[in-house]
Amino acid sequence: MLDTVTADLDDAQREAVDHDAGPLVIAAGAGTGKTRTLTARVARLIDSGVAPEEILLLTFTRRAAAAMTSRAAALCANPAVTQRMWSGTFHAVAHRIVAEYSQHLGLEDVTVLDPGDVTDLLDLLREEHGLTGTQQRLPTSQTLADICSRAVNTGVPTRKVMADQFPWCLEHADRINELLKAYVTRKRDRGLLDFDDLLIYWRALLADPLVGDRLRARWNWVLVDEYQDVNQIQVDIVRLLRPDGSGLTVVGDDAQAVYGFRGATAEHLLRLHEDLGGSTLVRLTRNFRSSQQILDLANVVRPGELRLDLVADRGPCGPLPVHVQCANADDEARQVADAVLAAHQDGMDLRDQAVLFRTGTHSNQLEIELRVRGVPFHKYGGIGYLETAHVRDLIAAFRVSLNPIDEISWYRLLTRHRALGKVSARVLAARLVEGTDHGDIVAEAPPKARTALANTLDLIRAAAATRIPAVQVEACLKAVEPLLRQHYVDWPRRAADVDGVARAAAGQRDLRSFIAEATIDPTSVSGDWAKKPHLDEDHLTLSTIHAAKGLEWRSVHLLRASDGALPSDMALSTAEGLAEEQRLFYVATTRARDRLTIYSPMRLPVHPTSLHSRHVLAKPSRFLTDKVLKAMESTLSPGVQAPASAGASGGSVAPTVAVPDLGELFG
DNA sequence: GTCTGCGCTTTTTTT
DNA sequence: AAGCGCAGAC
């Protein structure tokens, strides 16, 4: 009889799918059918009679979780039952469990702080502690949050974190620690959870004798994707879920570990076998994605302990990878746009092409070029709508209407009022949290703020009085809009975003879960109100390498393969930092199926956050070694041969036309 | 206390 | 370059 679950698999994949309940580690190189194997294993379990709710599938992105669930469904005899399976990101599952057991944790109500809330709270505490004076200029709250998160995720004391990663903060170590202690206390007092807390609370529940046993009994099968990206807390969670390793399957590739900055290390993958006192290792090395030419390059680049040299299932086909040396960032943008449009002319859809880069700002010039030429694109990674100030303002209104003691959101909302600055907002927010009557609040506010404030509070009260999302959203929008209109000089540019979020929220069944979801995974929501591409329209993908993980395109363009950009100059100071950049380079090259083009601008903006800053000389990335270049065809962009026409390259050009001097007008 | 303008610092990746 | 915090003017 034909076995539909394993019909399309090779021997190694089939071995993983058919493996029994013993702990299983799948070492899967890029493009080796990791997702296919994992989903087939899930389907096999369900078809063999395992109840879907006994299965927990943990991923790092919601996109991966959704893809796996739907692919498993396609393989199952009874697709509908896969809906009952537990599948999601570590954080999303943690949120669900923490909400379910909130009573046991002493929490009335679970409020999740997004990274912006965290910095707001730190700013608030900084004021309360009188740490804003001239003498002791502390690092930004953003940096403090990073230090805190790193310490929590790695179990390393903050002082050592600062010494290793943030040396310029060391001189303030005592005050920073004092502030972070206050931060932790305030979170505990108010029942606020940041992203790290979600995992910590889940771990705490699992470690509790009573609750832990109940949770363990819930899932007999635990499958973890991208195990090279787990940090210590996540390892603890997995080990507490399956202490003896039975029913545990993990998939990973040490060469694709790129989340060291949030406490992950591939050591967890490499050592799992020892930690469990034995497990089965299945190695997947047959690559179904890329041409041999691309893999020849990737195999040279590949770092790591697991020697997963990839063999192309497709054999030699398609062109050699190309290295293009460009004059500067603008030239690079033109070359990419030219190449994308040429391929499109030749019949390759835009959706089959992608442009990858190390940081969000690296695509600035290209985005302009694409807009000028009318090429539709969608950018992944970098700052999303949900992180923009105006959208967070609206969400703050949602939050206070759901939870009147959400001090951070009140504070944010109040500071949007004219004549309410930090001081009044802090005082009034505290009074609101105490439950003070709205009338009294208005009376306590500075006279100039009273009319607007009374209006806001009325509308928030109206929003709080209903459970119908559309009505609730409408009231919040009405409260926020006039405030934002006068607060932001460029309001017209922002208005569409606010409307978009409002519309998305109004269409939900439950506003509370919409907010929680949007907080834990902003990307899940952002696509819906993308004003630019209607995602069904053919469009080009622009993405950070991080956000491109696990995906593939026929043609991939890698920008800024120049020292200082990739590898990022911020990673050069430590060996681990540099190694992680190399893994990123590997991840980028292995996204391509047929064509890979790597660009190295010879001049780069000093300050990447701006478009027109001074350019300095840059060398091609150190990852483009002779051996790598041997696997490529090298070309020079036309812009390099004729630098005078290359536009803003920074050098001065001999004029051929005399520009009139208008000096006499100003004499 | 709030608003405005100036100088200093920062500078990546994400749940 | 830009965003943030600080100082001085209302």
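Naming convention: chains lettered A, B, ... in sequence-line order (proteins, then strands); numbering from 1 in each chain. Worth knowing before you read on, the calculation uses all heavy atoms, side chains too, and leaves out hydrogens, waters and symmetry mates.
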Report task. Determine, answering yes or no, if A/F261 is stacked on B/dT12 under the 5.5 Å centre rule and the 30° plane rule. Result -> no

Requested in this report: Please state how far atom CH2 in A/W202 lies from atom C1' in B/dT15, giving the value in whole angstrom units.
Outcome: 13 Å

**Report entry** Between B/dT13 (P) and A/R262 (CZ): distance, integer Å
**Finding:** 13 Å

Query - Of the listed nucleotides B/dT14, B/dT15, B/dT12, the one nearest the side chain of A/H91 - result: B/dT15

Query raised in the report: Looking at B/dT2, B/dT13, B/dT14, which one has an atom nearest to any side-chain atom of A/A547?
Result: B/dT14

Query raised in the report: Taking it one step at a time, do A/R431 and A/D440 satisfy salt bridge (Lys or Arg N to Asp or Glu O under 4.0 Å)?
Result: CA-CA 9 Å; A/R431 298 282 285 145; A/D440 295 342; 5.6 Å; no

Report task. Identify whether any heavy atom of A/F90 sits under 4.0 Å from a base atom; if not, whether one sits that close to sugar-phosphate; answer base, sugar-phosphate or nothing. Result -> nothing

Requested in this report: Nearest-nucleotide wise, let me know which of A/D146 and A/P446 is further upstream toward the 5' end of DNA chain B.
Outcome: A/P446

Query raised in the report: Hey, are A/R583 and A/E580 close enough for a salt bridge, meaning a charged N less than 4.0 Å from a carboxylate O?
Result: yes

Query raised in the report: Could you state the NZ-P distance from A/K448 to C/dC10, rounded to the nearest angstrom?
Result: 13 Å

Query raised in the report: Can you name the one residue among A/K549, A/K34, A/R302 that meets salt bridge (charged side-chain N to carboxylate O under 4.0 Å, His left out) with A/D253?
Result: A/R302

Requested in this report: First locate atom CD1 of A/I408, then atom OG1 of A/T119, and finally report the distance between them rounded to the nearest 0.5 Å.
Outcome: 9.5 Å

Query raised in the report: Is it true that A/D229 and A/R262 have a side-chain N and a carboxylate O under 4.0 angstrom from each other?
Result: no

**Report entry** Those residues that, when tested against A/R96, pass salt bridge (charged side-chain N to carboxylate O under 4.0 Å, His left out) (two or more places apart)
**Finding:** none

Which atoms of nucleotides 3-5 of chain B (N or O only) lie under 3.5 Å from a protein N or O atom, and what are those distances?
{"residue": "B/dC3", "atom": "OP1", "partner": "A/A419", "partner atom": "N", "Å": "2.9"}

Query - Separation of atom CG in A/L572 from atom C1' in B/dT11, rounded to whole Å - result: 13 Å

Query raised in the report: Rounded to the nearest Å, what distance is computed from the CZ atom of residue A/F166 to the P atom of nucleotide B/dT12?
Result: 12 Å

Requested in this report: Would you indicate which nucleotide in B/dT2, B/dT15, B/dT11 comes nearest to any side-chain atom of A/T143?
Outcome: B/dT11

Report summary line: Regarding the side chain of A/I520, the nearest nucleotide among B/dT14, B/dT2, B/dT15 is B/dT15

Report task. Please state the C1' separation for the pair C/dG5 and B/dT12 - nearest whole angstrom. Result -> 23 Å

Report summary line: Walking DNA chain B from its 5' end, the first of A/E581 and A/V427 to be reached, judged by nearest nucleotide, is A/V427

Query raised in the report: C/dG5, B/dT2, B/dT11: which one has an atom nearest the side-chain heavy atoms of A/M570?
Result: B/dT11

Query raised in the report: Among B/dT2, B/dT14, B/dT12, which is the nearest nucleotide to the side chain of A/T359?
Result: B/dT12

Query raised in the report: With rounding to whole Å, what would you report as the distance between C/dC4 and B/dT13 at their P atoms?
Result: 16 Å

Query - Length of the CD-C1' vector between A/Q142 and B/dT12, whole Å - result: 11 Å

Query raised in the report: Phosphate oxygens OP1/OP2 of B/dT15: is one of them under 4.0 Å from a side-chain N or O of A/T61?
Result: no

Report summary line: From CG of A/N153 across to P of B/dT13 the rounded distance in Å is 18 Å

Requested in this report: Taking the side chain as every heavy atom from C-beta outward, state whether A/R426 and A/K422 have any atom pair closer than 4.5 Å.
Outcome: no

Query raised in the report: Less than 4.0 Å between a side-chain N and a carboxylate O, is that true for A/R622 and A/D563?
Result: yes

Query raised in the report: Is the A/F261 ring parallel, tilted or perpendicular to the A/Y259 ring (thresholds 30°, 60°)?
Result: tilted

Query - Between C1' of B/dT14 and CD of A/Q228, the distance in whole Å - result: 14 Å

Query raised in the report: Tell me, what's DNA chain B's dot-bracket, Watson-Crick or G-U with both distances under 3.5 Å, | for other-strand, [ ] crossing?
Result: ||||||||||.....

Query raised in the report: Hey, which of A/R186, A/R190, A/R399, A/K187 is the one that makes salt bridge (charged side-chain N to carboxylate O under 4.0 Å, His left out) with A/D117?
Result: A/R399

Query raised in the report: Can a donor-acceptor pair under 3.5 Å be found between the side-chain atoms of A/R358 and the base atoms of B/dT13?
Result: yes

Query raised in the report: Salt bridge between A/D331 and A/R603, side-chain N to carboxylate O under 4.0 Å?
Result: no

